[in-house]
Amino acid sequence: MPELPEVEVVRRGLTPFVHNSTINRVEVRHDRATRRNQGSFTDQLQGRVIQHISRRGKFLWCVLDQPEALVVHLGMSGQFRVYPWTDQAVPAEQRRHPHLRILGEIEQPSGAILDLHFLDQRTFGGMHLSPLVLDDRGDHIPESVIHIARDPLDPKFNAGDIVKKIHNSQSEIKRVLLNQSILSGIGNIYADEALFRSGLHGSVIAGEVTEKHLLELVSHVKDVMNEALDEGGTSFDALYVNVNGESGYFSRSLAVYGREGEPCDRCGSDIQRISFMNRSSFFCGKCQPRIPAVAHPERAV
DNA sequence: CATAGATCCTGTATGC
DNA sequence: TGCATACAGGATCTAT
């Protein structure tokens with residue numbers, strides 16, 4: 001369940017290893033991991049140089065030595081692991097890992113050789129090559145990621161514009177938060193956390209919330225993401241770890257997600273869980289009324 | 001065009 | 001013990 005903070009932790013973790021490195025060799029162990037790629041994945045990457053690694057929302061991409069990017073999405077359970085190359089190469093048990101999908105051997109400018117493994121238990125993740133194009137604000141972005149809106153940590157993210165977009169929607173507010181073409185990087189966990197902080201129930205119609213209140217919501221999204229980033233992301237199990245295999249600690253700071261039956265930090269009443277969009281939504285029934293714009297018009301301070 | 005639902009996938013936990 | 005079921009949920013495709 002990597003969302004923006006977790007993906008950013010991975011990006012930062014990978015950066016020192018892949019910066020200006022040459023891809024010596026690639027081996028695909030599971031075709032599903034490259035299902036979106038056109039042509040031979042291994043042939044296209046052989047000998048290419050990774051200039052740097054960038055991100056928008058939950059999408060990562062390595063900018064290569066041509067106007068092209070290696071786009072990566074971690075899906076539900078994708079993770080990278082970096083191993084230093086030795087004469088013994090990578091220990092056999094790591095190469096036999098049941099979730100190992102793609103192996104890469106990269107050479108750093110220093111001449112050091114590293115093995116880069118992409119593991120993915122649930123196989124929703126993967127990578128593909130895509131040409132770089134210019135977006136509406138003049139940034140280079142992979143063509144396949146052009147439909148993904150800017151995320152709250154993007155320097156060109158304009159909260160006012162996003163609020164107007166959200167306000168124009170007649171969908172439920174949580175549905176809008178999870179829509180990556182309106183603003184990106186939010187998944188189920190941070191959606192619930194930001195809604196709690198804003199005193200909004202996820203079923204409230206976006207267009208019925210005041211713009212002021214929506215601005216507050218967007219601000220909470222940004223805050224909760226930054227706080228999670230500071231903690232190294234949210235980990236519940238071994239499915240999300242950084243490139244060193246370490247977990248993040250933000251799960252300790254969650255106010256509602258995964259806390260069904262526990263007391264609300266603000267009012268003490270039980271946190272509830274309902275099924276929404278084929279997933280769980282956690283919320284406080286008292287702090288997050290279903291019709292806040294009507295019942296609590298003064299909430300948007 | 002906007003919106004909503006189905007689909008992909010596997011390991012873990014739970015129920016009978 | 002063993003089998004069935006629920007659950008975790010990203011993006012994308014299809015249908016309305």
Side-chain angles (χ1 to χ4, degrees), chain A residues 1-11 28-38 55-61 71-80 97-102 118-128 130 141-149 151 162 164-195 202-208 221 225 228 233-241 247-248 251 254 256-261 272-282:
Chain A
M1 45 207 90
E3 303 178 31
L4 186 151
E6 294 74 37
V7 177
E8 177 61 15
V9 168
V10 171
R11 191 194 71 79
V28 177
R29 287 279 182 88
H30 196 299
D31 285 339
R32 195 174 146 76
T34 54
R35 64 193 179 283
R36 291 188 64 186
N37 197 65
Q38 304 285 319
R55 181 191 57 72
R56 177 171 289 184
K58 304 169 198 167
F59 283 84
L60 285 173
W61 63 89
V71 181
V72 180
H73 198 290
L74 301 178
M76 288 287 296
S77 53
Q79 54 179 264
F80 282 100
H97 194 289
H99 303 147
L100 181 54
R101 308 305 185 197
I102 298 171
F118 179 71
L119 296 84
D120 189 11
Q121 180 196 102
R122 295 180 194 168
T123 74
F124 279 17
M127 49 186 95
H128 64 272
S130 179
I141 187 150
E143 194 172 46
S144 61
V145 185
I146 198 77
H147 63 293
I148 301 297
D151 60 67
I162 301 307
K164 284 191 171 58
K165 265 194 194 176
I166 298 174
H167 195 65
N168 279 334
S169 174
Q170 290 308 300
S171 295
E172 295 144 305
I173 186 66
K174 182 167 179 182
R175 204 177 278 279
V176 176
L177 288 181
L178 294 173
N179 184 344
Q180 307 294 304
S181 68
I182 295 175
L183 76 171
S184 69
I186 307 173
N188 203 37
I189 297 171
Y190 298 112
D192 279 3
E193 293 299 309
L195 287 166
S203 299
V204 171
I205 300 300
E208 294 177 1
V221 168
M225 282 181 170
T234 301
S235 304
F236 297 109
D237 49 39
L239 287 190
Y240 164 70
V241 292
S247 296
S251 60
L254 297 173
V256 284
Y257 186 87
R259 295 194 57 218
E260 183 182 15
Q272 299 172 40
R273 182 174 77 92
I274 58 168
S275 189
F276 179 82
M277 288 177 77
N278 276 332
R279 60 199 65 185
S280 290
S281 283
F282 298 90

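Labels below follow one simple rule: chain letters A, B, ... track the order of the sequence lines, proteins then strands, and each chain is numbered from 1. As a basis for the values below, the full set of heavy atoms in this structure was taken, side chains included, without hydrogen atoms, waters or symmetry mates.
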Query - A/Ala191 versus A/Leu178, closest heavy-atom pair with distance - result: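 Shortest heavy-atom separation between A/Ala191 and A/Leu178 comes out as CB-CD2, 4.1 Å.
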Query - Minimum-distance pair of heavy atoms, taken over all atoms of A/Val72 and A/Met127 - result: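 Taking A/Val72 first and A/Met127 second, the nearest heavy atoms are CG2-CB, 4.0 Å.
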[X] side chain: which of [options] is closest?
X	options	value
A/Thr123	C/dT12, B/dT10, B/dT3	B/dT10
A/Asn278	C/dG10, B/dT10, B/dA6	B/dA6
A/Arg122	B/dT3, C/dA8, C/dG10	C/dA8
A/Ser171	C/dG10, B/dG5, B/dT3	B/dT3
A/Gln180	B/dC9, C/dA11, C/dG10	C/dA11

Report task. On DNA chain B, check which nucleotide each of A/Arg279 and A/Asn168 is closest to and give me the residue with the more 5' one. Result ->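 Here A/Asn168 is the residue nearer the 5' end.
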Query raised in the report: Between A/Phe124 and A/Ile182, which is nearer to the 5' end of DNA chain B once each is assigned its nearest nucleotide?
Result: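 Nearest nucleotide further toward 5': that of A/Ile182.
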I need the [atom1]-[atom2] distance between [X] and [N], as an integer number of Å.
X	N	atom1	atom2	result
A/Asn179	B/dC1	CG	P	15 Å
A/Leu119	B/dG11	CG	P	13 Å
A/Arg175	B/dA6	CZ	P	11 Å
A/Lys174	B/dG5	NZ	P	15 Å

Requested in this report: Answer yes or no: does a side-chain N or O of A/His99 lie under 4.0 Å from OP1 or OP2 of B/dC9?
Outcome: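 No, outside the criterion.
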Query raised in the report: Across the strands shown, which category fits A/Arg36 at heavy-atom distances under 4.0 angstrom: base, sugar-phosphate, nothing?
Result: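 It contacts sugar-phosphate atoms only.
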Query raised in the report: Within the structure shown, what part of the strands sits under 4.0 Å from A/His147 by heavy-atom distance: base, sugar-phosphate, or nothing?
Result: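 Answer is sugar-phosphate: A/His147 comes under 4.0 Å of backbone atoms only.
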**Report entry** Interatomic spacing from CZ in A/Arg175 to OG in A/Ser169 - rounded to 0.5 Å
**Finding:**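 Answer rounded to 0.5 Å: 9.5 Å.
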**Report entry** Opposite nucleotide pairing with C/dT14, Watson-Crick or G-U, both atom distances under 3.5 Å
**Finding:**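 Looking at the geometry, C/dT14 pairs with B/dA4.
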Requested in this report: Check the pair A/Asp192, A/Lys174 against salt bridge (charged side-chain N to carboxylate O under 4.0 Å, His left out), reporting the backbone distance first and the verdict last.
Outcome: CA-CA 8 Å; A/Asp192 279 3; A/Lys174 182 167 179 182; 2.7 Å; yes
**Report entry** Residue of the set A/Arg101, A/His99, A/His30, A/Arg32 for which side-chain hydrogen bond (donor to acceptor under 3.5 Å, both in side chains) holds with A/Thr123
**Finding:**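 Output: one option passes, namely A/Arg32.
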